[in-house]
Amino acid sequence: DTEVTQTPKHLVMGMTNKKSLKCEQHMGHRAMYWYKQKAKKPPELMFVYSYEKLSINESVPSRFSPECPNSSLLNLHLHALQPEDSALYLCASSHLGEGTAQETQYFGPGTRLLVL
Amino acid sequence: AQSVTQPDIHITVSEGASLELRCNYSYGATPYLFWYVQSPGQGLQLLLKYFSGDTLVQGIKGFEAEFKRSQSSFNLRKPSVHWSDAAEYFCAVGPIQGAQKLVFGQGTRLTINP
């Protein structure tokens with residue numbers, strides 16, 4: 001099973017709201033990722049967690065706050081977003097083996113976010 | 001620096017026709033290559049991947065890809081397309097180890113004519 005689930009599927013929020021996106025996997029993967037994808041563009045990496053610790057932050061604005069409560073769960077907390085933050089937010093996970101493990105990232109279906 | 005080029009932004013083929021989507025990469029070491037497919041409003045689904053070994057890789061949905069080191073290419077092929085293959089296709093280069101970002105091409109949008 002290579003399933004990554006994301007909730008909600010769609011989200012509409014105002015610029016003063018606080019909301020959270022949730023991602024879950026039960027494949028035993030120890031690396032989890034957040035990507036942002038604008039229309040007609042490839043995904044852009046935002047954050048990477050390795051063994052529940054933030055290992056990569058691609059200079060993402062602080063209005064996006066990631067959290068990894070345990071090895072199966074990844075959250076993205078949103079606060080004071082701008083209309084240009086409207087996008088598809090994708091979560092992915094990978095095994096993160098030792099040595100020269102071949103990491104394959106498996107993606108969830110995404111959350112479509114609209115900021116008004 | 002790693003980079004991936006998909007020269008064709010949009011391709012239209014007739015149902016039942018053969019398909020080839022091009023992907024060229026630039027990577028300093030042995031690449032770890034992927035093809036993903038994305039239907040409208042959906043996430044990315046892994047079609048196939050290449051790390052080493054046989055340079056012709058079979059994937060899901062009848063797709064295959066061939067790694068050619070001399071041409072720095074990893075082209076995706078299908079002998080006969082179906083209307084359900086209409087989607088966006090992304091080629092990507094991944095890290096050899098560790099949790100790092102995938103470097104994606106710009107994508108190729110595939111339209112199928114009935």
Side-chain angles (χ1 to χ4, degrees), chain A residues 2-6 9-10 23 25 29-60 68 74 87-113, chain B residues 1-10 21 23 25 27 29-53 57 59-61 65 67 87-111:
Chain A
T2 55
E3 188 178 25
V4 177
T5 60
Q6 290 187 243
K9 196 165 184 172
H10 300 278
C23 172
Q25 57 87 15
H29 289 174
R30 302 305 299 275
M32 297 186 77
Y33 310 75
W34 280 116
Y35 286 84
K36 173 183 177 180
Q37 186 180 25
K38 302 285 274 186
K40 300 187 188 301
K41 295 290 186 183
E44 300 172 8
L45 184 69
M46 301 174 71
F47 303 103
V48 180
Y49 274 82
S50 304
Y51 301 107
E52 295 91 68
K53 287 185 169 43
L54 184 65
S55 55
I56 296 178
N57 177 341
E58 291 280 296
S59 303
V60 178
C68 190
L74 184 67
L88 181 69
Y89 287 83
L90 294 164
C91 175
S93 69
S94 68
H95 175 62
L96 196 55
E98 297 296 327
T100 57
Q102 300 152 27
E103 296 299 325
T104 298
Q105 294 183 26
Y106 296 93
F107 285 80
T111 293
R112 175 76 59 188
L113 174 67
Chain B
Q2 305 163 35
S3 67
V4 177
T5 302
Q6 293 180 246
D8 305 304
I9 296 174
H10 184 204
L21 301 182
C23 172
Y25 67 89
Y27 192 76
T30 302
Y32 191 18
L33 295 159
F34 304 84
W35 275 101
Y36 286 90
V37 61
Q38 186 176 34
S39 297
Q42 302 296 313
L44 275 68
Q45 181 180 23
L46 179 69
L47 282 176
L48 46 78
K49 59 186 178 182
Y50 172 80
F51 180 65
S52 64
V57 181
I60 63 171
K61 303 186 180 191
F67 171 65
E88 189 85 20
Y89 290 79
F90 292 99
C91 181
V93 170
I96 299 303
Q97 65 180 84
Q100 305 288 337
K101 69 178 177 184
L102 288 172
V103 176
F104 287 94
Q106 289 301 303
T108 297
R109 183 161 59 95
L110 176 64
T111 298

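Numbered from 1 within each chain, the chains take letters A, B, ... in sequence-line order. The figures that follow rest on heavy atoms only: side chains count, while hydrogens, waters and symmetry mates do not.
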What closest approach, in Å, do B:G43 and A:L90 show between heavy atoms, and which atom pair accounts for it? CA-CD2, 3.8 Å

With rounding to the nearest 0.5 Å, note down the distance linking CZ in B:F104 to CD in A:Q37. 8.0 Å

Gap between atom CE of A:M46 and atom NZ of B:K101 - 0.5 Å precision: 13.0 Å

Tightest non-hydrogen contact, residues A:F107 and B:L44, listed as CB-O, 3.4 Å

Could you check whether atom NZ of A:K41 has more than 12 heavy atoms from other residues, nucleotides or ligands sitting under 6.0 Å from it? no

Quick check on B:E88 against chain A: is it the side chain, the backbone, both or neither that has a heavy atom closer than 4.5 Å? neither

Select one option (side chain, backbone, both, neither) describing which atoms of B:Q38 are under 4.5 Å from chain A's heavy atoms. side chain

Is A:E44 in contact with chain B via its backbone, its side chain, both, or neither, using a 4.5 Å heavy-atom distance? neither

Going from NZ on B:K49 to CD on A:E103, what distance comes out if it is rounded to the nearest 0.5 angstrom? 9.5 Å

Take B:L102 and A:Y35 through the side chain to side chain contact (heavy atoms under 4.5 Å, CB included) test and state the conclusion after the steps. CA-CA 10 Å; B:L102 288 172; A:Y35 286 84; 3.9 Å; yes

Is it the case that over 12 heavy atoms from other parts of the model lie below 6.0 angstrom from the CD1 atom of B:I60? yes

Options B:Q45, B:Q42, B:Q106, ranked by heavy-atom pairs under 4.5 Å with chain A, top entry: B:Q106

Looking only at non-hydrogen atoms, find the nearest pair between B:G105 and A:P42 and report the distance. O-CB, 3.3 Å

Go through the atoms of B:L46 and report whether side chain, backbone, both or neither lie under 4.5 Å from a heavy atom of chain A. side chain

